[in-house]
**Student:** 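Supplied in structure tokens, the structure appears directly below.
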Amino acid sequence: MMIIRYIEPKDVNDLYLLAQKAGFGLTSLQPNMEKLAARIERACKTVAGELPKADQVYLFVLEDTELNKVVGVCGIEVALGLKEPWYNFHVGTQVHASEPLSVYNALPTLYLSNDHTNCSELCTLFLDPDYRLNKNGKFLSKVRFLFLSAFRQYFEETIVAEMRGYSDVNGQSPFWNAVGHKFFNIEFTKADYLSGIGQKAFIAELMPRHPLYVDMLPDDAKAAIGMVHPNTRPAYNLLLEEGLRYKGYVDIFDGGATLQADIENLRAIKESQILTVKIVEPSHLSLGDEPYIIANDDYENYRAIVVYSTPYQDQIQLSLEQAKQLNVQNGAEVRILSINVQQASKSKAMNRLENNQHLQMAVN
């Protein structure tokens with residue numbers, strides 16, 4: 001069975017293997033054992049209530065219980081930029097006009113920004129390629145929204161998600177080569193690694209303080225602004241379904257899109273339900289075609305699984321094994337959310353995707 005739970009110190013070796021598989025561009029998951037262990041410790045202390053808001057992070061792992069193996073990870077940073085600046089580029093517009101010459105040019109520009117200071121962040125989403133089947137990817141991504149719904153009081157008003165931008169198989173980023181490399185004079189992979197392990201002082205010291213004109217960049221760099229890495233496109237679409245959207249902010253390293261939303265507008269906040277557990281024999285489960293994420297809403301021992309049981313009135317049927325995985329008893333309350341988005345919501349998400357693509361085309 002696949003379950004999601006808080007990360008634990010024992011998971012560090014599995015997390016290191018995932019970091020090795022993640023490749024270039026996933027800043028918050030770097031193959032550095034010391035830094036990974038420190039991040040796990042930070043996550044554990046967050047749950048224990050031992051850290052100030054500026055240091056808090058929640059990390060969840062997807063575990064294959066048959067193999068006792070962690071095969072995926074995802075996280076939520078509670079508040080960005082409270083200890084050191086949080087940077088991104090904002091795609092803005094600078095107008096140059098001369099009435100005597102009949103010239104009017106509205107030119108896209110990149111402004112260095114700290115606008116997402118004190119926002120919460122969806123982060124560190126990675127699933128082992130061997131497990132990218134059976135709704136595992138959706139489960140891993142969307143459980144964070146169920147957690148936000150249950151424990152809204154621990155997070156800020158706005159949630160953001162930096163999406164991995166385009167880089168080729170050799171780790172070359174056209175956006176970095178045209179922009180960052182000019183100011184840092186180091187390779188993209190090294191800059192990304194240093195940022196991922198917390199050495200970010202060089203960003204403040206060396207990044208440009210004046211607007212950059214997009215039209216002066218090479219074509220491949222312009223095309224990368226707001227682009228999402230092919231491996232990240234499924235995650236991007238899932239976030240659109242859940243209510244996030246692009247508002248013109250991009251990553252300073254690879255130009256990948258940053259999505260954001262008011263937490264109160266997320267689908268999980270509006271559509272998740274609290275139901276009562278009814279434990280039945282496996283042969284008596286009322287099964288349907290729709291998968292649901294079910295979580296126990298136990299803050300100290302959070303667990304979530306996927307089931308195909310059909311909710312009936314205010315109840316959800318679970319087998320004894322499923323109930324044990326969730327650490328719940330008969331009659332306990334659980335929180336559920338459909339993995340799949342209803343057609344009406346899906347149409348809205350597709351409209352947002354089309355609008356985002358039009359924005360990107362306008363920049364390019």
Side-chain angles (χ1 to χ4, degrees), residues 1-44 57-77 121-144 161-176 187-199 224 227-239 251 253-257 304 306:
M1 180 179 288
M2 309 301 296
I3 70 164
I4 284 178
R5 56 170 173 79
Y6 288 135
I7 201 165
E8 300 174 4
K10 68 178 183 179
D11 300 321
V12 66
N13 289 325
D14 284 346
L15 189 63
Y16 182 82
L17 293 176
L18 288 176
Q20 287 184 312
K21 293 182 178 182
F24 307 111
L26 191 53
T27 306
S28 60
L29 189 63
Q30 299 286 347
N32 180 302
M33 187 68 79
E34 181 181 352
K35 297 297 182 180
L36 291 175
R39 197 150 190 253
I40 291 173
E41 182 181 12
R42 185 159 69 96
C44 293
V57 63
Y58 293 89
L59 291 178
F60 309 90
V61 293
L62 178 66
E63 180 183 2
D64 183 338
T65 58
E66 293 184 4
L67 300 177
N68 293 319
K69 177 184 178 183
V70 167
V71 299
V73 62
C74 65
I76 312 173
E77 289 280 355
E121 184 201 18
L122 300 170
C123 61
T124 323
L125 177 66
F126 184 74
L127 178 62
D128 189 313
D130 293 339
Y131 283 81
R132 293 175 185 175
L133 71 171
N134 299 333
K135 307 294 184 183
N136 288 336
K138 287 187 174 183
F139 180 28
L140 187 61
S141 177
K142 298 192 177 192
V143 73
R144 296 174 295 181
E162 283 191 333
M163 309 308 294
R164 182 179 178 183
Y166 175 75
S167 59
D168 64 23
V169 294
N170 297 314
Q172 291 296 309
S173 163
F175 184 82
W176 172 264
E187 295 303 314
F188 169 66
T189 50
K190 183 176 181 180
D192 192 56
Y193 176 78
L194 290 174
S195 177
I197 63 174
Q199 297 182 21
M227 182 184 292
V228 176
H229 193 281
N231 293 344
T232 306
R233 176 62 62 173
Y236 176 84
N237 291 337
L238 290 181
L239 296 183
D251 183 78
F253 290 153
D254 58 24
V306 172

**Student:** Taking atom CD of Glu77 and atom CZ of Arg42, what is their separation to the nearest 0.5 Å?
**Tutor:**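 Between atom CD of Glu77 and atom CZ of Arg42 there are 4.5 Å.
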**Student:** If you look at every heavy atom in Pro174 and Ala224, which pair is closest and at what distance?
**Tutor:**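 Distance-wise, the nearest heavy atoms are CG-CB, 4.2 Å.
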**Student:** Between Met227 and Phe175, is any pair of side-chain heavy atoms under 4.5 Å apart?
**Tutor:**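 Side chain of Met227 against side chain of Phe175, heavy atoms only: no contact under 4.5 Å found.
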**Student:** Compare all side-chain heavy atoms of Val306 with those of Lys138 and state whether any distance is below 4.5 angstrom.
**Tutor:**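 Side chain of Val306 against side chain of Lys138, heavy atoms only: no contact under 4.5 Å found.
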**Student:** Does the side chain of Val70 reach to within under 4.5 Å of the side chain of Leu15, using non-hydrogen atoms?
**Tutor:**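 No; the side chains remain at least 4.5 Å from each other.
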**Student:** Mind checking what makes side-chain hydrogen bond (donor to acceptor under 3.5 Å, both in side chains) contact with Arg144, not counting sequence neighbours?
**Tutor:**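 So Arg144 forms a side-chain hydrogen bond (donor to acceptor under 3.5 Å, both in side chains) with Ser141.
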**Student:** Could you check whether any side-chain heavy atom of Ser167 comes within less than 4.5 Å of a side-chain heavy atom of Asp254, counting everything from C-beta outward?
**Tutor:**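 Ser167 does not reach Asp254 side chain to side chain.
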**Student:** Once rounded to the nearest 0.5 Å, what's the spacing between atom OG1 of Thr124 and atom CG of Leu36?
**Tutor:**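 That separation rounds to 10.0 Å.
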**Student:** Which pair of heavy atoms, one from Cys74 and one from Leu140, lies closest together, and at what distance?
**Tutor:**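 Closest approach of Cys74 to Leu140, heavy atoms only: SG-O, 3.3 Å.
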**Student:** Tell me which pairs pass salt bridge (Lys or Arg N to Asp or Glu O under 4.0 Å) where either residue lies in residues 6-22, with sequence neighbours left out.
**Tutor:**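 Checked against salt bridge (Lys or Arg N to Asp or Glu O under 4.0 Å) - neighbours excluded - the pairs reaching residues 6-22 are Arg5-Glu8, Arg5-Asp11, Glu8-Lys10, Lys21-Asp128.
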**Student:** Could you check whether any side-chain N or O of Asp251 sits under 3.5 Å from a backbone N or O of Phe253, counting only pairs where one atom can act as donor and the other as acceptor?
**Tutor:**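 Side chain of Asp251 to backbone of Phe253: a pair is present.
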**Student:** Could you tell me which residues satisfy salt bridge (Lys or Arg N to Asp or Glu O under 4.0 Å) with Glu162, sequence neighbours excluded, listed by chain and number?
**Tutor:**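 Testing Glu162 for salt bridge (Lys or Arg N to Asp or Glu O under 4.0 Å), a comparison that skips the adjacent residues, returns none.
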**Student:** Only counting residues at least two apart or in another chain, list the ones meeting ring-ring contact (aromatic ring centres under 6.0 Å, His included) with Tyr166.
**Tutor:**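 Not a single residue meets the ring-ring contact (aromatic ring centres under 6.0 Å, His included) criterion with Tyr166.
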**Student:** Kindly indicate whether the side chain of Asn13, heavy atoms from C-beta on, has any atom under 4.5 Å from the side chain of Met33.
**Tutor:**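 The answer is yes, as the side chains (C-beta and beyond) meet within the 4.5 Å cut-off.
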**Student:** Test of understanding: with side-chain hydrogen bond (donor to acceptor under 3.5 Å, both in side chains), list the residues that count as partners of Gln20, not counting sequence neighbours.
**Tutor:**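 Here no residue qualifies.
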**Student:** Which residues pass the side chain to side chain contact (heavy atoms under 4.5 Å, CB included) test with Ala161, sequence neighbours left out?
**Tutor:**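 Ala161: side chain to side chain contact (heavy atoms under 4.5 Å, CB included) contacts with Leu122, Met163, Leu239, Leu244.
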**Student:** Counting C-beta onward and ignoring hydrogens, is there a side-chain heavy-atom pair between Ile7 and Val12 closer than 4.5 Å?
**Tutor:**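 Heavy-atom side-chain distance check fails, nothing below 4.5 Å.
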**Student:** Is it true that a side-chain atom of Thr65 and a backbone atom of Met1 form a donor plus acceptor pair closer than 3.5 Å?
**Tutor:**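 Pair found, side chain donor or acceptor close to backbone of Met1.
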**Student:** In chain order, what residues pass the side-chain hydrogen bond (donor to acceptor under 3.5 Å, both in side chains) check against Glu121, with sequence neighbours excluded?
**Tutor:**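 Scan of Glu121 (side-chain hydrogen bond (donor to acceptor under 3.5 Å, both in side chains), adjacent residues dropped) gives none.
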**Student:** If the condition is side-chain hydrogen bond (donor to acceptor under 3.5 Å, both in side chains), which residues does Arg132 pass it with, not counting sequence neighbours?
**Tutor:**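 side-chain hydrogen bond (donor to acceptor under 3.5 Å, both in side chains) check on Arg132 returns nothing, list empty.
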**Student:** Could you grab the distance from atom CD of Glu63 to atom CE of Met2, nearest 0.5 Å is fine?
**Tutor:**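 The distance works out to 8.5 Å.
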**Student:** Find the distance between CD1 (Ile76) and CG (Leu125) and round it off to the nearest 0.5 Å.
**Tutor:**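 With rounding to 0.5 Å, CD1 (Ile76) is 11.5 Å from CG (Leu125).
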**Student:** Can you find a heavy atom in the side chain of Asn134 that is under 4.5 Å from one in the side chain of Phe139?
**Tutor:**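 With C-beta onward as the side chain, the pair stays apart.
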**Student:** Taking only residues two or more places apart in sequence or in another chain, which ones pass ring-ring contact (aromatic ring centres under 6.0 Å, His included) with Tyr16?
**Tutor:**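 By the ring-ring contact (aromatic ring centres under 6.0 Å, His included) rule, Tyr16 matches no residue at all.
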**Student:** To the nearest 0.5 Å, what is the distance between SG on Cys123 and CG on Leu29?
**Tutor:**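 Between Cys123 SG and Leu29 CG, I get 10.0 Å after rounding to 0.5 Å.
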**Student:** Between Tyr131 and Asp64, is the side chain to side chain contact (heavy atoms under 4.5 Å, CB included) condition met? List the steps.
**Tutor:** CA-CA 9 Å; Tyr131 283 81; Asp64 183 338; 2.8 Å; yes
**Student:** Give, for atom CG of Asp168 and atom NE2 of His229, the distance between the pair rounded to the nearest 0.5 Å.
**Tutor:**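 NE2 of His229 is found 8.5 Å from CG of Asp168.
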